[in-house]
Protein chains: 2
Amino acid sequence: MGLSDTLKAINDPVRRAILEFLKQGDASAGTIADQFDLTQATVSYHLKLLRQAELITVKKDKNFVIYHLSASVFEDLLAWLYTIGGTPHDN
Amino acid sequence: MGLSDTLKAINDPVRRAILEFLKQGDASAGTIADQFDLTQATVSYHLKLLRQAELITVKKDKNFVIYHLSASVFEDLLAWLYTIGGTPHDN
DNA sequence: CAGGTATTTAGAAAAATATCTATATAGATT
DNA sequence: AATCTATATAGATATTTTTCTAAATACCTG
């Protein structure tokens, strides 16, 4: 919902890989889980966090749950980054 | 050193507050610690993580350790964000 | 409706992170 | 040199996060 959730969501290599995978197109929970050497339950947990951070959206198709990247939420993060690093500073 | 370290470093409200505080100007470890309701040792721990992520740099002055914001490291993070969210996508 | 497939949830264990107190170090001052 | 001041480190505990196994839910198909 806020910056904190966005940061928490992307502060994990598995979740970043999920986002990168979804960049190539929508996919079901099972297909996503197959990408990792983790149980499906664990991947489902990561998907939940990404959903809560609104970085992905869900749609049902038959008994599949299809996930879709929703990158617009990064705007808050970008705004914060510009707050910190936006103005020229002598690095 | 990489994206992972940058994200880990900013994935904590205390550390983000430290960065925001340093945005206003350099400050000593003690001055920074005074900003928080935490022990000096705890703040020192956070400063160490920020240092390791190269988000801040250090300089000694008498027996003070002066911290300085070094925002250029956000570039990797920005690059990754554009990887995910850069190309128009139907959100 | 019975069985099957896909996914989520619950609960426990493991791993990582944050915090504290107490102590150490380093440099400055008397 | 003794002491004081600022900061860092060590070790213990607490909290949070990740992961697993097992069970539950949900929906589809015969």
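Chain letters run A, B, ... following the sequence lines, proteins first, then strands; residues in each count from 1.
- A pairwise comparison of heavy atoms in Ser4(B) and Asn11(A) identifies O-OD1, 4.5 Å as the closest pair.
- Using a 4.0 Å cutoff to heavy atoms of chain B, the contacted part of DNA chain D runs 5' to 3' from dT5(D) to dT9(D).
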From CA spacing to verdict: side-chain contact (heavy atoms from CB on, under 4.5 Å), Leu81(A), Phe74(A): CA-CA 10 Å; Leu81(A) 288 174; Phe74(A) 284 123; over 6 Å; no

Pair Leu22(A), Ile32(A) - check side-chain contact (heavy atoms from CB on, under 4.5 Å), show working. CA-CA 8 Å; Leu22(A) 287 178; Ile32(A) 296 167; 4.0 Å; yes

Does Leu7(A) form a side-chain contact (heavy atoms from CB on, under 4.5 Å) with Asp12(B)? I'd like the steps, not just the answer. CA-CA 9 Å; Leu7(A) 284 170; Asp12(B) 180 277; over 6 Å; no

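- Placement of Leu49(A) and Leu19(A) in two distinct hydrophobic clusters is found when ILVMFWY residues are connected by side-chain heavy-atom separations under 4.5 Å, directly or transitively.
- For the segment residues 35-45 of chain B, the set of residues with a heavy atom within less than 4.0 Å of an atom of DNA chain C comprises Leu38(B), Thr39(B), Ala41(B), Thr42(B), Tyr45(B), in numerical order.
- One can place NZ of Lys48(B) at 14 Å from C1' of dT19(C), the figure rounded to the nearest angstrom.
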Show your reasoning for whether side-chain contact (heavy atoms from CB on, under 4.5 Å) applies to Tyr67(B) and Asp26(B). CA-CA 6 Å; Tyr67(B) 285 96; Asp26(B) 298 357; over 6 Å; no

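- Phe64(A) and Leu69(A) end up in different hydrophobic clusters when Ile, Leu, Val, Met, Phe, Trp and Tyr side chains are linked at under 4.5 Å.
- One distance of note links CG of Leu50(B) with NZ of Lys8(B); it measures 13.5 Å at 0.5 Å rounding.
- Between the CG atom of Leu47(A) and the C1' atom of dT9(C) there is a distance of 14 Å, given to the nearest Å.
- Rounding to the nearest 0.5 angstrom, the gap separating the NE2 atom in His68(A) from the OG1 atom in Thr57(A) is 4.5 Å.
- No chain of hydrophobic side-chain contacts below 4.5 Å, direct or via other Ile, Leu, Val, Met, Phe, Trp or Tyr residues, connects Ile66(A) to Phe21(A).
- Looking at DNA chain C, the stems built from 3 or more consecutive Watson-Crick or G-U wobble pairs, each pair with its key distances under 3.5 Å, are C:1-30 with D:1-30.
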Solution key, residues 40-47 of chain A side-chain donor-acceptor pairs under 3.5 Å, sequence neighbours excluded:
from, atom 1, to, atom 2, distance (Å)
Thr42(A), OG1, Thr39(A), OG1, 3.0
His46(A), ND1, Arg15(A), NH1, 2.9

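- Proximity of His46(B) to the phosphate of dT17(C): no side-chain N or O atom is located under 4.0 Å from OP1 or OP2.
- Asp5(B) places its CG atom 15 Å from the C1' atom of dA16(C), with the value rounded to the nearest Å.
- Taken together through direct or relayed side-chain contacts under 4.5 Å among Ile, Leu, Val, Met, Phe, Trp and Tyr, Phe36(B) and Ile56(B) form part of one hydrophobic cluster.
- Ser28(A) OG to Asp34(A) CG: the interatomic distance, rounded to the nearest 0.5 Å, is 7.5 Å.
- Atoms CG and CD1, on Leu77(B) and Ile10(A) in that order, are 6.0 Å from each other to the nearest 0.5 Å.
- Counting non-hydrogen atoms under 4.0 angstrom, Leu49(A) reaches the backbone sugars and phosphates but no base.
- Residues from residues 55-64 of chain A placing a heavy atom under 4.0 Å of any atom in DNA chain D, listed by number, are Lys60(A), Lys62(A), Asn63(A).
- Less than 4.0 Å separates DNA chain C from no heavy atom of any residue of residues 9-18 of chain A.
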